[in-house]
Amino acid sequence: MKKEWLEALRSYRLLVLAIGLLSFALLNPLILKLMPAILESQGMGTDLANLMDMSQREAIRSYLDSLYQIGSLVAVLSLMGVISGEFNKGTWVLPLTFGVNVKDIYWAKLSISGGILFFFSLTGSLIAHLYGAALFGKDFASLYPTLKAGGLYGLYFSFVASLVLMASSFLKKPSAAAFASLAFLFLLPPLAGWLDITKWLPFVLLSEAGTLSPLPSKTVLQGILITFGWMAVFSFATLGRLETMEKAR
Amino acid sequence: MIRIDNLCKSYGSQPVLKNLSLHVRKGEIYGFIGKNGAGKSTTMNLLAELTRFDSGSCTIGGHAKKEGPLPKGTLGYLPEDPGFYGYMTGMEYLVFIESLHGKSRKECRLHALELMDLVKMREACGRKIEGYSRGMRQRLGLAAILAGDPLILLLDEPSSALDPEGRRELSHIIKSLSQHGKTIFISTHILDDIEKICDRIGLLHDGSIFMEKSVGELNREFLMPSFEAVFESVLPPQALKNLEKFPWMDKMEERDGRFIFHLKNEESARTGLVKALADIDIPIQSLNRRKHSLEDIFIRTVNIHE
């Protein structure tokens with residue numbers, strides 16, 4: 001775990017994820033605030049700006065949208081070589097021959113990656129909440145709806161981490177792992193909508209988070225369980241792959 | 001300490017190891033040599049449990065592979081080009097490896113410093129590994145595998161990136177480890193190195209051991225008398241033809257202006273060769289008995305086998 005933390009820190013993965021997941025928490029509320037002035041300067045008048053919802057709620061929602069699109073991309077790109085890198089560079093050979101279990105290596109990677117993504121999602125949501133309140137005034141009586149949304153996004157990104165780690169264990173090229181993961185993340189939602197199976201996928205968490213409702217809907221618990229189920233399936237597949245693969249280059 | 005019986009391993013339809021069998025005794029330094037692609041690294045990876053074998057059996061330190069993973073502290077494996085976390089310093093890496101053996105942070109640091117001294121890396125221990133040369137990485141790798149004080153050391157081409165001084169130091173370290181009861185299984189293509197330190201040598205060819213002997217036995221069995229002569233001017237072709245006709249002459253070859261005469265019988269060499277060379281009317285600069293290196297024996301035996 002300590003080694004994984006050091007790796008995230010020294011390889012600038014932590015910094016990239018911080019920028020990728022937190023910067024929009026400051027940028028999106030600010031852009032929303034400046035949008036009327038921008039539109040006016042472009043000669044579009046104030047009519048269009050009047051149609052926009054200029055509120056703390058909208059600022060947080062805008063951040064969550066960016067978090068899904070940009071955050072997923074940043075998360076996938078920064079984690080794409082986490083397992084294949086160990087194989088390609090042979091860095092796990094010495095620890096493995098000292099009796100370190102490949103399962104422990106996987107759980108350490110998932111815990112640190114998932115933990116960092118969860119923390120930044122939660123922190124980003126909190127920043128968007130506070131900054132949105134400062135710019136537009138308070139919409140919410142408490143932090144709870146924002147924290148719930150941030151937490152659900154955090155869980156979703158932990159699922160993303162398990163997906164990328166699985167892809168990285170099956171595909172030796174990091175770019176191939178990234179491509180496969182992004183295809184899964186961005187092509188599956190429309191496909192799931194068409195097949196009407198969205199409720200069986202972790203994307204249901206994002207819909208729930210977007211409501212910013214103070215009350216948990218009946219689908220939240222189901223979404224959380226389904227996400228953990230998917231993570232368990234991916235982890236099982238990854239561990240099976242790691243146990244059976246040739247570990248020498 | 002290491003017993004391999006009829007081990008087979010294929011990559012796809014390509015067999016790499018074919019009924020490989022060998023036995024390494026406790027405290028022994030066993031040299032494992034063979035051409036590139038003979039299967040040396042595959043054997044090492046199998047012993048280190050990084051690769052699975054198709055059939056056969058393998059026992060390390062009394063622990064059969066089929067019984068599950070080896071107990072901690074049994075084995076230390078240094079691959080030819082060891083991979084490190086480049087963002088760590090040498091010291092951090094050793095402390096990380098030490099910590100895998102359940103030691104306290106203080107113990108880890110103290111032992112890591114001792115190991116850095118052993119491999120002459122103390123001055124570089126605070127630098128990031130990504131800035132290390134290949135030789136420094138091999139030294140660090142050696143220090144790392146000694147961290148757990150394993151009973152058996154697998155060294156795959158450990159001196160391939162070292163300078164002559166580094167190779168000499170490595171030989172001393174290996175000998176010293178052997179004297180402390182470690183069993184060492186070493187593969188290298190620098191035959192001169194293992195000739196000096198190994199107790200026994202196994203020659204791997206075409207996926208199996210076709211010769212396993214002590215260095216002394218190899219020298220005794222394959223010692224063919226040969227002499228090296230340097231002449232002041234070029235030998236006329238007729239003189240060479242005449243030399244070839246002698247019954248005690250096995251083979252002649254010219255390397256960089258030196259003539260090497262491989263003889264069939266040493267007794268005849270002492271009389272016949274010197275006399276025959278003297279009869280050629282060209283002054284001799286030098287005439288020396290050649291010592292057979294392991295490399296000569298290796299090339300000779302592989303050629304016979306092929």
Side-chain angles (χ1 to χ4, degrees), chain A residues 1-18 78-109 111-113 116 168-169 172-174 239-249, chain B residues 9 11 41-53 60 68-89 92-102 105 108 128-130 137 140-150 152-154 156:
Chain A
M1 290 279 270
K2 195 178 167 191
K3 175 251 152 191
E4 290 302 326
W5 174 251
L6 193 67
E7 185 169 302
L9 204 64
R10 298 261 177 95
S11 63
Y12 304 109
R13 192 183 304 142
L14 196 68
L15 184 69
V16 169
L17 287 170
S78 64
L79 298 177
M80 63 184 179
V82 166
I83 289 183
S84 57
E86 295 271 4
F87 174 83
N88 293 334
K89 294 175 193 163
T91 44
W92 64 6
V93 166
L94 287 175
L96 285 174
T97 54
F98 290 134
V100 173
N101 197 316
V102 76
K103 285 179 189 167
D104 296 337
I105 293 177
Y106 170 74
W107 289 121
K109 286 185 184 300
S111 305
I112 292 293
S113 309
I116 289 171
S168 180
S169 70
K172 284 178 187 166
K173 280 192 174 177
L239 290 172
R241 165 71 177 160
L242 292 178
E243 290 281 357
T244 54
M245 73 186 289
E246 302 266 331
K247 291 168 194 78
R249 278 178 281 181
Chain B
K9 169 73 182 172
Y11 288 109
S41 293
T42 301
T43 308
M44 290 280 187
N45 288 332
L46 284 167
L47 291 171
E49 300 186 314
L50 298 169
T51 302
R52 288 160 193 263
F53 50 86
I60 296 179
L70 285 171
K72 274 188 183 179
T74 305
L75 194 84
Y77 172 43
L78 178 63
E80 183 181 358
D81 184 14
F84 298 102
Y85 301 109
Y87 54 83
M88 287 186 185
T89 64
E92 281 173 339
Y93 187 77
L94 277 190
V95 170
F96 161 64
I97 292 291
E98 292 273 355
S99 69
L100 298 177
H101 299 285
R105 188 165 174 76
C108 290
K128 281 194 179 172
I129 301 171
E130 62 197 3
R137 292 161 80 92
L140 179 66
L142 184 66
I145 66 162
L146 294 175
D149 197 23
I152 301 164
L153 296 172
L154 304 180
D156 192 2

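Lettering of chains follows the sequences in order, A, B, ..., and the numbering in each one begins at 1. Keep in mind it's a predicted model, so treat the numbers as computed, not measured.
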* Segment of I145(B) engaging chain A (4.5 angstrom heavy-atom cut-off) -> both
* With a 4.5 angstrom heavy-atom cut-off, could you sort out which part of Y85(B) is near chain A: side chain, backbone, both or neither? => both
* Name all residues meeting the side-chain hydrogen bond (donor to acceptor under 3.5 Å, both in side chains) criterion together with N88(A); count only those two or more places apart in sequence or in a different chain, and write none if there are none. => none
* Okay, side chain of T91(A), backbone of G83(B): is any donor-acceptor separation there less than 3.5 Å? -> no
* Taking all heavy atoms of S41(B) and all of D156(B), pick out the closest pair and write down the distance. => OG-OD2, 2.8 Å
* Which residue out of M44(B), M88(B), E49(B) racks up the most heavy-atom pairs below 4.5 Å with chain A? -> M88(B)
* Asked: Listed by residue number, which members of residues 1-14 of chain A have a heavy atom under 4.5 Å from any heavy atom of chain B?
  -> K2(A), K3(A), L6(A), E7(A), R10(A)
* Begin from the C-alpha positions of L242(A) and I83(A) and carry the test side-chain contact (heavy atoms from CB on, under 4.5 Å) through to its verdict. => CA-CA 9 Å; L242(A) 292 178; I83(A) 289 183; 3.9 Å; yes
* Less than 4.5 Å apart, any side-chain heavy atom of P95(A) and any of L100(B)? -> yes
* Output all residues satisfying side-chain contact (heavy atoms from CB on, under 4.5 Å) with N101(A), sequence neighbours left out; order by chain, then residue number. => K103(A), D104(A), E243(A)
* Please identify each residue that fulfils side-chain hydrogen bond (donor to acceptor under 3.5 Å, both in side chains) with N45(B), with sequence neighbours left out. => Y77(B)
